[in-house]
Amino acid sequence: MADSNVKGHTGLLSVYDTAAYKPIVCLTSTSMSSVLRLIEKVNYCTQGVTVKTIDGIDRTVSFDAEVMDVDSTAGAPNASYAELLALQGEEQTFKLEGRGEEQYFKAVISDLSDTFPGEGDATFSGTLTINGDIS
């Protein structure tokens, strides 16, 4: 079997909404960052050599999308910008696809911003700060 490129549109991000996962509407990109936190110390016991120990891992997921009019009265299958704005400040469960096996995690929407240009479509972007492990 030959190696093949992974298509970007498979990087789907969804938020859990009481009964099912709702994909975030009209994503244009997703990215995941995993940063290892290190503690560095030098003392007499290490004979002046820097010793590094792992303190933890900080993970975030960033996304960009288009602002869409979503009819919330019809039980829309997608999560809109307005819904995400309402969820900000409370921990939510998210699902990220397209990076091997589906990944589930709890996160807070730590950043959410929109852009309404004079010409063109309105867009928004956000950052999820993951709490705990990814399963």
Side-chain angles (χ1 to χ4, degrees):
M1 181 169 124
D3 294 341
S4 60
N5 291 343
V6 175
K7 301 298 181 189
H9 69 271
T10 63
L12 190 61
L13 179 63
S14 304
V15 61
Y16 190 75
D17 177 29
T18 66
Y21 283 93
K22 292 174 72 170
I24 294 175
V25 69
C26 290
L27 289 168
T28 56
S29 70
T30 60
S31 63
M32 183 175 201
S33 172
S34 183
V35 178
L36 190 64
R37 281 191 321 268
L38 295 173
I39 297 174
E40 295 184 9
K41 66 179 176 178
V42 178
N43 58 35
Y44 291 107
C45 295
T46 64
Q47 288 95 31
V49 175
T50 302
V51 175
K52 297 176 184 178
T53 56
I54 297 171
D55 187 42
I57 299 175
D58 294 325
R59 291 186 176 101
T60 58
V61 172
S62 299
F63 58 91
D64 297 301
E66 294 180 345
V67 176
M68 304 292 288
D69 281 330
V70 176
D71 184 4
S72 59
T73 61
N78 296 315
S80 68
Y81 173 70
E83 287 179 88
L84 293 175
L85 198 55
L87 296 175
Q88 191 172 21
E90 296 181 26
E91 187 175 73
Q92 305 296 323
T93 302
F94 291 87
K95 176 174 71 169
L96 186 61
E97 300 174 62
R99 291 162 170 85
E101 293 183 16
E102 293 177 350
Q103 299 172 331
Y104 298 87
F105 55 89
K106 292 190 180 290
V108 292
I109 302 170
S110 52
D111 175 51
L112 199 56
S113 59
D114 63 37
T115 302
F116 281 70
E119 287 188 28
D121 295 330
T123 60
F124 68 98
S125 60
T127 303
L128 307 176
T129 300
I130 298 173
N131 293 326
D133 293 328
I134 297 174
S135 62

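Numbering starts at 1 and runs along the sequence shown. These numbers were taken from a predicted model, which means no experiment stands behind them.
- Residues D55 and L38 are not in side-chain contact: their nearest non-hydrogen atoms beyond the backbone lie 4.5 Å or more apart.
- Taking all atoms of both residues into account, the shortest heavy-atom contact from I130 to A107 is CA-CB, 3.9 Å.
- Two residues are said to be in side-chain contact when any heavy atoms from C-beta on lie closer than 4.5 Å; T28 and F124 fail this criterion.
- Residues I109 and L84 have side chains in contact (heavy-atom distance under 4.5 Å, counting atoms from C-beta outward).
- In this structure a side-chain-to-backbone donor-acceptor pair under 3.5 Å is missing from D17 to A20.
- Transitive grouping of hydrophobic side chains (ILVMFWY, heavy atoms separated by less than 4.5 Å) keeps V108 and V15 in distinct clusters.
- The side-chain heavy atoms of K22 and N78, taken from C-beta on, include no pair separated by under 4.5 Å.
- Note on L13 and Y16: separate hydrophobic clusters, where clusters join Ile, Leu, Val, Met, Phe, Trp and Tyr whose side-chain heavy atoms are under 4.5 Å apart, directly or indirectly.
- No more than 12 heavy atoms of other residues, nucleotides or ligands lie within 6.0 Å of CG in D133, so this atom counts as exposed by the packing criterion.
- The OG atom of S34 lies 8.5 Å from the CG atom of D58; values are rounded to the nearest 0.5 Å.
- Under a hydrophobic clustering in which Ile, Leu, Val, Met, Phe, Trp and Tyr are joined whenever their side-chain heavy atoms come within less than 4.5 Å, directly or via other members, L12 and M68 fall into different clusters.
- No side-chain heavy atom of Y104 sits less than 4.5 Å from a side-chain heavy atom of L96.
- For the pair S110 (side chain) and T127 (backbone), a donor-acceptor distance under 3.5 Å is present.
- Residue A122 comes nearest to P117 through the heavy atom pair CA-CD, 4.1 Å, listed as atom of the first residue, atom of the second, then distance.
- The two residues V25 and S80 come nearest to each other via the heavy atoms CG1-CA, 3.8 Å.
- For the pair K95 and Y21, the cation-pi test (distance below 6.0 Å, angle within 45°) is passed.
- Taking each heavy atom of Y81 and S113 in turn, the nearest pair found is OH-C, 4.2 Å.
- The shortest distance between side-chain heavy atoms of K52 and K41 does not fall below 4.5 Å.
- Atom CD of Q92 sits about 11.0 Å away from atom CD of E83, to the nearest 0.5 Å.
- For L36, the CG atom is densely surrounded, since the number of other residues' heavy atoms within 6.0 Å is greater than 12.
- Note: F94 CZ to K106 NZ = 10.5 Å, rounded to the nearest 0.5 Å.
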Checklist entry - Which is it for F116 and T123 under the side chain to side chain contact (heavy atoms under 4.5 Å, CB included) test, yes or no, and what are the steps along the way? => result CA-CA 7 Å; F116 281 70; T123 60; over 6 Å; no
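- At distances below 3.5 Å, not a single donor-acceptor pair connects side-chain atoms of E90 with backbone N or O atoms of L87.
- Tracing side-chain contacts under 4.5 Å through hydrophobic residues (I, L, V, M, F, W, Y), one reaches L128 starting from M32; they form part of the same cluster.
- Between the T30 side chain and the G11 main chain, a donor and an acceptor come within less than 3.5 Å of each other.
- Both L27 and L85 are members of a single hydrophobic cluster when ILVMFWY side chains are connected at heavy-atom separations under 4.5 Å.
- Nearest approach of P23 to P77, heavy atoms of both residues: CD-O, 3.4 Å.
- One distance of note links OG of S135 with CZ of F105; it measures 10.0 Å at 0.5 Å rounding.
- With values rounded to the nearest 0.5 angstrom, E97 atom CD is found 4.5 Å from E102 atom CD.
- Between V35 and I57, every side-chain heavy-atom pair lies at or beyond the 4.5 Å cut-off.
- Taking 4.5 Å as the limit, some side-chain heavy atom of R59 sits within range of a side-chain heavy atom of I134.
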